[in-house]
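All values reported here derive from a predicted model rather than from experimental measurement.
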Amino acid sequence: MRKRLAALTLTGMVILLFSFFFIQKTLYDSAIDQARAQMMAITYQLSAVLAQDIDINLQRVIDENPNLSVGVIDSNRTQISGIIPPHLIGDLFDAIATQKTDRGTVFCMHGNTVMLMGYSTLPQLDRIVVTYIPRRLLLDGWRQAIILHAALFLIVLTIMAGLSIWLWQRLKRQHLRAADLAEHFSDSENTLSECGCAILSWSPDAPDTAFGVRLNWPEILGLAFSDIKPTAESFLSRLSDASRAQLRGPLFENEWPANRIGTMVDMHTSADHTQRFYMMAHRRIQGTQETITVMLLETAEQQELCHPFETYLRHTPEPSVAVDAQGILRGLSPALEHLIGANIHDLIGQPFFRIFEAEDQESAIAAFQECMEHRDHERELIFRIRSQNSGIRWLAWHCIGPFDDMMFGSARDVTQFVENANKLRDTLDQLKRSNEDLEQFAYVASHDLQQPLRMVASYTQLLKRRYGGALDPEADEYIDYAVDGAKRMHKLISHLLEYAKTGGSDDGTEIDCNLALSEAQADLKSIIAQEQATITHTELPTISGDRISLSRLFQNLLSNAIKYRRPGVPPHIDIQVSVDPETPGFWRFSVRDNGIGIHPEHAHRIFRLFQRLHKDEFSGTGLGLSLCRKIVEQHGGRIWLDTSRPLTDPGATFIFTLRASRPE
């Protein structure tokens with residue numbers, strides 16, 4: 001630094017000298033040019049005076065300037081008036097011949113004096129007016145200026161020299177101080193080495209380059225410099241697998257949860273030996289440059305740097321607390337402080353339950369006592385706390401311990417889950433009420449429609465009996481339409497009333513499906529005998545459900561199979577049952593017929609309300625399969641059409657699942 005200061009000072013002085021001489025040269029040239037112009041002006045003025053009066057004495061005209069000499073000569077170099085040294089006349093005519101102008105100036109020597117001579121020719125009078133004066137008289141102003149500039153230059157040089165001397169002294173003191181600091185740092189380095197401490201620094205953008213800082217590395221590992229390269233990659237390769245996994249985010253992938261982390265690590269000092277260190281890592285970002293600094297502190301075997309609960313709370317990412325055997329809050333994690341705010345530190349040393357809402361404090365005390373008594377460790381309890389923005393947060397707490405009379409509580413923020421569960425519960429309640437209202441409305445509407453519909457049907461039938469054949473055939477046809485419509489409306493309302501009633505019972509008794517199937521066959525006895533239908537089945541299981549609903553389920557499936565029979569082919573219905581391979585605890589029922597079948601594209605449509613595929617060929621209301629789906633779903637199962645059955649195999653197969661009976 002001092003050499004740089006000396007070089008800078010010399011450079012400044014050279015620049016000042018060059019500037020001084022350049023300025024003086026400029027001022028000198030300006031003074032000479034001004035003197036030439038002045039001499040030319042005076043000579044021209046005198047030639048004008050001489051042109052007006054050829055006999056005038058020009059020296060008297062310039063009496064106010066006694067240092068200026070004037071003379072008049074002709075073209076033959078003869079002096080007419082004044083005194084002009086002969087050698088000056090020769091120099092004058094040489095200048096006139098060279099310059100070839102009527103007026104001008106020329107420098108010439110008169111003894112040891114440099115003279116500035118001006119001339120102006122008068123060809124009409126054959127006269128030449130000549131003036132001359134010593135040059136030194138014209139440069140008096142320039143000499144005064146150069147003296148002033150020289151004085152200023154000396155002042156500036158003096159100031160610069162003083163400043164350089166002062167800076168030299170300060171640098172000398174800093175050099176001495178740096179030497180003292182270097183000696184001090186050397187002592188500190190020795191102390192850190194004795195304590196088993198190493199400090200490393202590198203750039204995460206270039207981990208394969210040498211360390212920026214390498215203090216006591218790898219000396220504290222007991223390795224020679226030839227055994228390890230001074231790079232971050234070499235250092236990280238010494239970490240154990242567990243430590244590498246723990247530090248993969250910040251040190252390997254440069255993903256830091258915070259700018260500073262601390263943890264215990266294991267490092268390989270040889271192929272078969274591992275040593276434990278406490279490591280503190282810090283990331284510093286300055287502009288676009290990023291630096292990672294690591295401090296390693298060697299620990300003795302079985303040595304911990306701090307109390308276990310402090311280590312746990314410092315490094316856990318979850319909201320956590322440490323509570324002693326008396327229920328006093330002794331510590332908390334940074335995550336909990338971030339959630340609640342810095343004012344939670346005021347509760348340290350007080351009963352821990354005060355961090356919860358008042359309604360949850362008694363439950364928190366009871367849970368703490370159970371944990372201290374080693375009971376119910378696996379249970380998670382949800383308590384509410386108030387966050388720093390005054391909002392309520394739901395935390396699911398799990399206790400750990402006790403360890404050394406210290407109980408730890410770790411929490412997960414489940415606020416979103418609780419809020420979603422509450423919203424879902426409210427939505428389900430609304431859906432339940434809405435469903436009940438709709439079912440009640442359907443029941444009341446269908447029930448109240450029965451009486452006016454019976455009246456319409458009775459009167460239309462009465463018209464048919466009384467006036468049938470008495471009117472024209474077209475009137476009889478209209479009456480038939482009215483009677484048929486009333487019957488169909490009555491049947492539709494009856495089925496709708498049955499659909500609304502289904503599922504209203506909460507009966508969940510054990511039901512033998514064989515008995516439910518027998519009841520359904522008994523209700524369909526006449527149509528089974530009429531169509532010569534055969535029904536076969538395997539042994540059916542016992543399930544938990546409603547007997548009437550299950551009987552109605554079988555009845556609807558059987559009646560549909562008989563209704564949609566193929567012409568000329570007696571209906572055959574086969575019922576099989578097996579354990580459901582997809583849903584444990586359920587039976588899978590299969591109802592297979594040999595009727596006209598259903599195209600797979602209608603597999604979902606047929607279970608909707610009032611959806612009929614054969615409106616013209618077969619009578620019906622479109623509620624049968626909808627009622628089957630409702631019964632199956634209320635028993636926890638599902639029903640669908642088997643679309644895998646090939647079209648070349650006539651008939652349809654319905655599959656549904658029912659929950660098995662509860663175990664004893």
**Student:** Under 3.5 Å, is there a donor-acceptor pair between the H282 and T293 side chains?
**Tutor:** no

**Student:** Does V414 reach the side chain of L395, with side-chain heavy atoms less than 4.5 Å apart?
**Tutor:** no

**Student:** Determine whether more than 12 heavy atoms belonging to other residues, nucleotides or ligands lie under 6.0 Å from atom CD of Q289.
**Tutor:**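 No.
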
**Student:** Can you confirm whether Q286 is buried at CD, in the sense that more than 12 heavy atoms of other residues, nucleotides or ligands lie under 6.0 Å from that atom?
**Tutor:** no

**Student:** Among V294, V265, L297, which residue meets the side-chain contact (heavy atoms from CB on, under 4.5 Å) test with F277?
**Tutor:**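 Only one option passes, and that is V265.
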
**Student:** Rounded to the nearest 0.5 Å, how far does OG of S544 lie from NE2 of H635?
**Tutor:** 7.5 Å

**Student:** Are the ring centres of W394 and F417 closer than 6.0 Å?
**Tutor:**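 Here the rings of F417 and W394 have centres that are no less than 6.0 Å from each other.
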
**Student:** With side chains defined as the heavy atoms from C-beta onward, is the minimum distance between P319 and D413 less than 4.5 Å?
**Tutor:**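 Answer no - side chains too far apart.
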
**Student:** Heavy atoms, side chains only, cut-off 4.5 Å: are W587 and T657 in contact?
**Tutor:** no

**Student:** So do L329 and P351 actually touch side chain to side chain, heavy atoms under 4.5 Å?
**Tutor:** no

**Student:** Ion pair present between R412 and E318, side-chain N to carboxylate O less than 4.0 angstrom?
**Tutor:** no

**Student:** Please check: side-chain N/O of T427 versus main-chain N/O of K423, any donor-acceptor pairing under 3.5 Å?
**Tutor:** yes

**Student:** Can you check whether L524 reaches Q555 side chain to side chain, under 4.5 Å on heavy atoms?
**Tutor:** yes

**Student:** How long is the gap from OG on S240 to CG on D266, to the nearest 0.5 Å?
**Tutor:**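 CG of D266 is found 4.5 Å from OG of S240.
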
**Student:** Can R638 and E633 be counted as an ion pair, charged N to O under 4.0 angstrom?
**Tutor:** no

**Student:** Is there side-chain contact between T653 and V591, with heavy atoms separated by less than 4.5 Å?
**Tutor:**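 No, too far: nothing below the 4.5 Å cut-off.
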
**Student:** Have N514 and E539 got a donor and an acceptor in their side chains that come within less than 3.5 Å?
**Tutor:** yes

**Student:** The test is salt bridge (charged side-chain N to carboxylate O under 4.0 Å, His left out); show your working for E519 and R547 and say whether it passes.
**Tutor:** CA-CA 10 Å; E519 292 180 0; R547 182 181 57 81; 2.7 Å; yes

**Student:** Could you pull out all residues at least two apart from D360 that satisfy side chain to side chain donor-acceptor pair (under 3.5 Å)?
**Tutor:**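 Residues passing side chain to side chain donor-acceptor pair (under 3.5 Å) with D360: R384.
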
**Student:** With a 3.5 Å cut-off and sequence neighbours excluded, list the donor-acceptor pairs that the side chains of residues 573-581 form with protein atoms.
**Tutor:**
residue: D574; atom: OD1; partner: T536; partner atom: OG1; Å: 2.7
residue: D574; atom: OD1; partner: Q576; partner atom: NE2; Å: 3.1
residue: D574; atom: OD2; partner: Q576; partner atom: NE2; Å: 2.8
residue: D580; atom: OD1; partner: E582; partner atom: N; Å: 3.4
residue: D580; atom: OD1; partner: R588; partner atom: NE; Å: 3.2
residue: D580; atom: OD1; partner: R588; partner atom: NH2; Å: 2.9
residue: D580; atom: OD2; partner: T583; partner atom: N; Å: 3.4
residue: D580; atom: OD2; partner: T583; partner atom: OG1; Å: 3.4

**Student:** Would you compute the distance between atom CZ of F554 and atom CG of D523 and round it to the nearest 0.5 angstrom?
**Tutor:**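 Spacing of CZ (F554) from CG (D523) equals 13.5 Å.
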
**Student:** Would you give the length of the straight line joining atom NE2 of H338 to atom CD1 of I344, rounded to the nearest 0.5 angstrom?
**Tutor:**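 Reported value, rounded in 0.5 Å steps: 13.0 Å.
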
**Student:** Hey, what do you get for CD1 (I639) to CG (L625), rounding to the nearest 0.5 Å?
**Tutor:** 7.0 Å

**Student:** In the structure I gave you, are the side-chain heavy atoms of N560 and D593 within less than 4.5 Å of one another anywhere?
**Tutor:** no

**Student:** Quick one: closest heavy-atom pair of L347 and I355, and the distance?
**Tutor:** CD1-CG2, 3.5 Å

**Student:** How close do L332 and E337 get, heavy atom to heavy atom, and via which atoms?
**Tutor:** CD1-CB, 3.9 Å

**Student:** Which atoms form the tightest heavy-atom contact between S549 and I631, and what is the distance?
**Tutor:**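 Residues S549 and I631, closest heavy atoms: O-CD1, 3.3 Å.
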
**Student:** Locate the shortest heavy-atom distance separating D512 from P541; write the atom from each residue and the value.
**Tutor:** OD1-O, 4.0 Å

**Student:** Would W397 and F356 count as a close aromatic pair, with their ring centres under 6.0 Å?
**Tutor:**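 Ring centres of F356 and W397 closer than 6.0 Å.
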
**Student:** Could you check R552 against L627 for side-chain contact (heavy atoms from CB on, under 4.5 Å), going step by step and ending with a plain yes or no?
**Tutor:** CA-CA 9 Å; R552 176 58 65 184; L627 182 60; 3.6 Å; yes

**Student:** Starting from the C-alpha separation in whole Å, work towards a yes-or-no answer on side-chain contact (heavy atoms from CB on, under 4.5 Å) for E510 and I543.
**Tutor:** CA-CA 6 Å; E510 300 297 321; I543 68 168; over 6 Å; no

**Student:** Give me the atom names and distance for the closest heavy-atom approach of A364 to F353.
**Tutor:**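 Scanning both residues, the minimum pair turns out to be CB-CB, 4.4 Å.
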
**Student:** To the nearest 0.5 Å, tell me how far S387 OG sits from L336 CG.
**Tutor:**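 Rounded to the nearest 0.5 Å, the OG-CG separation comes out at 11.5 Å.
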
**Student:** Can you list the steps and then say if L296 with C197 is a side-chain contact (heavy atoms from CB on, under 4.5 Å)?
**Tutor:** CA-CA 6 Å; L296 289 174; C197 180; over 6 Å; no

**Student:** Using modelled atom types only, decide if a donor and an acceptor are shared between the side chain of S320 and the backbone of S410 within a distance under 3.5 Å.
**Tutor:** no

**Student:** For the residue pair F211 and F235, categorise the inter-ring angle as parallel (less than 30°), tilted (30 to 60°) or perpendicular (more than 60°).
**Tutor:**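 F211 vs F235 ring planes: perpendicular.
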
**Student:** Provide the closest heavy-atom pair for R659 versus F586 in the form atom of the first, atom of the second, distance.
**Tutor:** N-CD2, 3.5 Å

**Student:** Can you tell if the side chain of C513 reaches within under 4.5 Å of the side chain of F589, non-hydrogen atoms only?
**Tutor:**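 They are in side-chain contact.
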
**Student:** Establish, from distance only, whether the side-chain atoms of N254 and E290 form a donor-acceptor pair under 3.5 Å.
**Tutor:** yes

**Student:** Any side-chain to backbone donor/acceptor pair from S559 onto N556? Under 3.5 Å, distance only.
**Tutor:** yes

**Student:** Report the C-alpha distance between F654 and L641 in whole Å, list the side-chain angles of each, state the deciding distance to 0.1 Å, and finish with yes or no for side-chain contact (heavy atoms from CB on, under 4.5 Å).
**Tutor:** CA-CA 5 Å; F654 288 93; L641 175 69; 4.2 Å; yes

